[in-house]
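Both counts, for ligands and for their atoms, begin at 1 and track the order of listing. Throughout, residue positions are numbered sequentially from 1 according to the sequence presented.
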Amino acid sequence: MCGIVGAVLTEGSVLEGLLGGLRVLEYRGYDSAGVALGLEGGVSIRRKAGRIEKLEDDLRAVPLADSPIGIGHTRWATHGPPTDENAHPHTDNQRRLALVHNGIIENHSELRAELEAEGVTFSSGTDTEALAHLLGRELDRSAPSLAEALRRALRLVHGYYAVAAMRFGDEKELVCARQGPPICVGVTPEGSYLGSDVLALIPHTRDIVFLEDGDVCELAPGRMEVTRIDGSVVQRASHHVSWEEADAGKGVYPHYMLKEIHEQPDVLARTAFSRIDEARGDVNLGHDELGDGGWSDALLQSIDRVQVAACGTALHAGYIARYLIEGLARIPVDVDYASEFRYRDPVLAPNTLALAISQSGETADTLAAQRLAREKGCTPAAICNVAGSTLVRESDAVVLTNAGPEIGVASTKAFVAQVIAAYLLAVRLGRARGVIDRVQGLELVRELRLLRPSLERLLSEDHVAEIKAVAGRHLNAKGFMFLGRGINYPVALEGALKLKEISYMHAEGYPAGEMKHGPIALIEPGMSTVVVNSRGLVADKARSNVEQVRARGGQVICVGSDPESLALADEAIEVPRSSEWLSPVLNVIPLQLLSYEIARLRGCDIDKPRNLAKSVTVE
Ligand code: M6R
């Protein structure tokens with residue numbers, strides 16, 4: 001989704017900082033980029049279709065005059081194709097101001113018609129430009145400040161937006177507003193900064209204010225003021241973010257995805273180890289920034305049902321959470337796509353915990369599902385990676401996953417952290433409700449510690465080389481089927497999603513027991529089937545799938561710790577043994593690496609896969 005940055009400095013030039021911020025936000029996905037700088041009495045705008053490098057080349061060829069105030073944008077086209085004209089920032093007819101926007105202005109056609117009837121000329125096909133002209137109209141109508149012009153204009157707008165605007169008249173004015181997609185701000189004596197996410201701000205400050213829906217924020221060096229759209233002043237607390245600037249880099253790796261895959265042993269430690277309470281055979285779900293995270297014994301004991309809602313990879317973690325919470329804490333769990341849950345008028349039992357799972361905490365469907373569940377009387381809770389995100393702020397109880405920033409569009413370490421967080425929650429629920437005793441609890445938490453050496457082994461050079469070789473042999477497969485059973489069925493779904501996202505190969509994930517009900521028709525020579533099978537309750541069931549596929553001429557790659565399945569398969573990727581409950585954490589690693597290697601060999605743009613955005617903040 002689009003990225004927004006902005007800054008106003010006491011002195012100096014803002015341009016390099018804006019371009020740096022846009023580069024940090026590249027991972028969100030975009031197809032054009034632009035900046036606007038304030039000039040006394042006006043703005044200068046430069047925008048280009050394509051990558052930020054094209055914009056930078058253009059700025060080198062014809063530099064803009066230095067300015068202490070500016071905004072920048074990476075656009076992910078919705079209304080109008082990705083051309084120079086449609087790139088942001090946009091301006092009014094007198095070029096007094098510049099404006100950037102993420103989201104959708106639903107009544108843009110009506111606004112456009114109204115403004116054109118008043119003599120306004122449009123120069124793009126975007127919905128955003130109408131908002132820039134509305135601001136101009138409010139300035140013509142003597143709005144006393146840009147902030148007031150924005151408040152007045154937004155009263156006329158229907159839709160979802162994060163918006164930033166600036167002008168350099170008698171004063172330097174930088175403003176932003178939010179209704180839906182996130183925007184956050186940070187203030188230092190040297191300058192004030194805004195961005196679509198925390199990563200764009202941490203080079204300047206780690207004390208961040210996250211705007212709420214309906215907020216309008218006015219920024220100046222050393223100060224900020226937040227109002228509602230009606231002009232009433234509100235206070236917003238700042239959150240200290242512990243992420244480091246270096247977390248946003250690739251380190252020694254060629255891609256963010258590979259870096260994040262290799263971070264997973266540390267993610268396990270950060271998500272789980274400091275929470276383990278061996279003396280009590282239990283875990284603490286809290287976090288430095290969130291105290292006990294809202295997980296009081298009273299809450300844990302009052303839950304009769306859990307309803308999980310999430311999207312994409314986070315949904316797959318949700319399916320695993322179902323096995324864990326039902327299996328370990330004996331509480332019934334339902335899981336749904338957030339996008340379906342929000343529109344199906346769900347019937348929710350009393351004392352339901354609505355558990356939203358999200359890396360970003362800003363996914364529009366997940367937030368909507370969570371709000372609906374709250375309206376229907378559920379207790380909103382979250383497993384989330386971003387401390388100050390909307391989901392965290394709107395939840396009564398939170399397990400922060402502590403995975404650190406995830407930049408690769410294909411989620412890897414966030415998934416593993418979500419599964420571990422779900423395991424911790426299941427153990428805590430079981431302990432608080434007396435379903436798990438201290439000795440069992442101790443055994444369960446010790447299993448977590450055993451994972452680290454296994455993860456390290458899976459990421460060793462030898463193991464990675466083995467997977468590269470497998471990838472090379474299946475590069476030109478007609479298609480991929482991923483099968484898993486029990487708690488490893490969602491791992492099969494995740495393996496298929498990873499492969500299709502970054503290599504664009506056709507891949508489907510199924511519960512292994514479903515194969516004979518239809519998908520088996522796809523099996524033929526040239527078709528590759530990945531069977532995820534670890535020792536445990538259903539290992540012999542999934543093993544028979546290996547035989548069925550091979551009997552029909554299909555190629556089987558077996559991933560897991562079930563020795564018989566590994567022996568039967570064409571390709572065996574052995575995974576160290578663990579408890580069955582935690583086997584997804586290990587089994588997913590070879591699938592992530594397999595997708596990565598296939599995508600790399602096929603020459604795909606791994607960190608910026610086509611058509612995908614990292615954070616889907618609109619419907
Ligand atoms: O930020 P979220 O976890 O809420 O995002 C949910 C999905 O959009 C996300 O997991 C998506 O499916 C990833 N691209 C998967 O790799």
Side-chain angles (χ1 to χ4, degrees), residues 1 27-29 76 180-182 196-199 255-258 260-261 264 267 308-321 335-342 354-371 381-392 394-395 398-419 421-422 482 490-491 493-504 507 509 588-589 591-596 599 604-619:
M1 296 281 119
Y27 78 97
R28 296 167 67 93
W76 201 74
S196 312
D197 70 40
V198 167
L199 290 174
H255 297 101
Y256 285 108
M257 182 180 177
L258 191 61
E260 287 158 7
I261 289 173
Q264 291 176 113
V267 169
V308 176
C311 304
T313 286
L315 180 73
H316 300 155
Y319 288 132
I320 295 174
V335 187
D336 205 350
Y337 295 97
S339 54
E340 289 299 316
F341 178 84
R342 64 182 290 193
L355 181 65
I357 305 181
S358 172
Q359 187 286 127
S360 62
E362 303 293 351
T363 301
D365 285 322
T366 306
L367 291 175
Q370 182 77 328
R371 288 169 187 156
I383 291 176
C384 188
N385 194 35
V386 181
S389 61
T390 309
L391 183 64
V392 168
E394 294 186 5
S395 296
V398 175
V399 187
L400 278 182
T401 48
N402 298 337
E406 186 179 69
I407 298 190
V409 168
S411 184
T412 53
K413 65 175 181 172
F415 173 77
V416 156
Q418 286 159 353
V419 173
F482 287 75
V491 175
L493 296 182
E494 177 59 9
L497 179 67
K498 277 304 74 93
L499 185 64
K500 72 183 112 183
E501 274 187 301
I502 57 168
S503 76
Y504 318 139
V588 78
I589 308 292
L591 304 191
Q592 295 169 346
L593 286 167
L594 185 67
S595 301
Y596 174 84
C604 300
D605 192 349
I606 291 176
D607 281 333
K608 300 187 197 83
R610 69 184 182 205
N611 306 336
L612 290 177
K614 177 66 183 164
S615 186
V616 184
T617 55
V618 292
E619 268 196 274

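- The distance criterion of under 3.5 Å between nitrogen or oxygen atoms is met by Ser358 with respect to ligand 1.
- Between the side chain of Glu406 and the main chain of Ala414, a donor-acceptor pair closer than 3.5 Å is present.
- Within the listing of ligand 1, atoms 15 (C), 16 (O) sit less than 4.0 angstrom from a heavy atom of Lys498.
- Proximity annotation for atom 12 (O) of ligand 1: of Ala338, Ser360, Gly312, Gly312 comes nearest, heavy atoms only.
- Between Thr363 and ligand 1, a contact under 3.5 Å exists for at least one N or O pair.
- In terms of protein heavy-atom proximity, atom 3 (O) of ligand 1 is closest to Gln359 N, 2.6 Å.
- Of the protein's heavy atoms, Cys311 O, 3.6 Å lies nearest to atom 7 (C) of ligand 1.
- Taking every non-hydrogen atom of Ser411 and a distance limit under 4.0 Å, the qualifying atoms of ligand 1 come out as 15 (C), 16 (O).
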- Task: Dump the intermediate steps for side chain to side chain contact (heavy atoms under 4.5 Å, CB included) on Glu362 and Val386, then the final yes or no.
- Result: CA-CA 9 Å; Glu362 303 293 351; Val386 181; 5.9 Å; no
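- Taking CG of Leu400 as the start and SG of Cys384 as the end, the distance is 7.0 Å to the nearest 0.5 Å.
- Protein heavy atom nearest atom 14 (N) of ligand 1, with residue, atom name and distance: Glu501 OE2, 2.5 Å.
- Atom numbering of ligand 1 starts at 1 in the shown order; those under 4.0 Å from a heavy atom of Ala314 are 3 (O), 10 (O).
- Counting protein heavy atoms only, atom 8 (O) of ligand 1 is closest to Val616 CG2, 4.3 Å.
- If you take CD on Gln418 and OG on Ser411, they are separated by 6.0 Å, rounding to the nearest 0.5 Å.
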- Apply side chain to side chain contact (heavy atoms under 4.5 Å, CB included) to the pair Lys413 and Thr401, showing each step before the final yes or no. CA-CA 10 Å; Lys413 65 175 181 172; Thr401 48; over 6 Å; no
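- Atom OH of Tyr337 has 12 or fewer heavy atoms from other residues, nucleotides or ligands within 6.0 Å.
- Those atoms of ligand 1 with a heavy atom of Ala410 less than 4.0 angstrom away are 16 (O).
- Below 3.5 Å of separation, one finds an N or O of Thr313 facing an N or O of ligand 1.
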- Item | Step-by-step side chain to side chain contact (heavy atoms under 4.5 Å, CB included) determination, Leu315 to Val308 | CA-CA 8 Å; Leu315 180 73; Val308 176; 5.6 Å; no
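- Using a 4.0 Å heavy-atom cutoff, Leu612 is absent from the residues neighbouring ligand 1.
- Any N or O atom pair closer than 3.5 Å counts here, and Val409 shares at least one such pair with ligand 1.
- Distance check: Thr412 OG1 to Leu591 CG gives 12.5 Å after rounding to the nearest 0.5 Å.
- Put simply, the side chain of Leu499 does not reach to within 4.5 Å of the side chain of Leu594, judged on heavy atoms.
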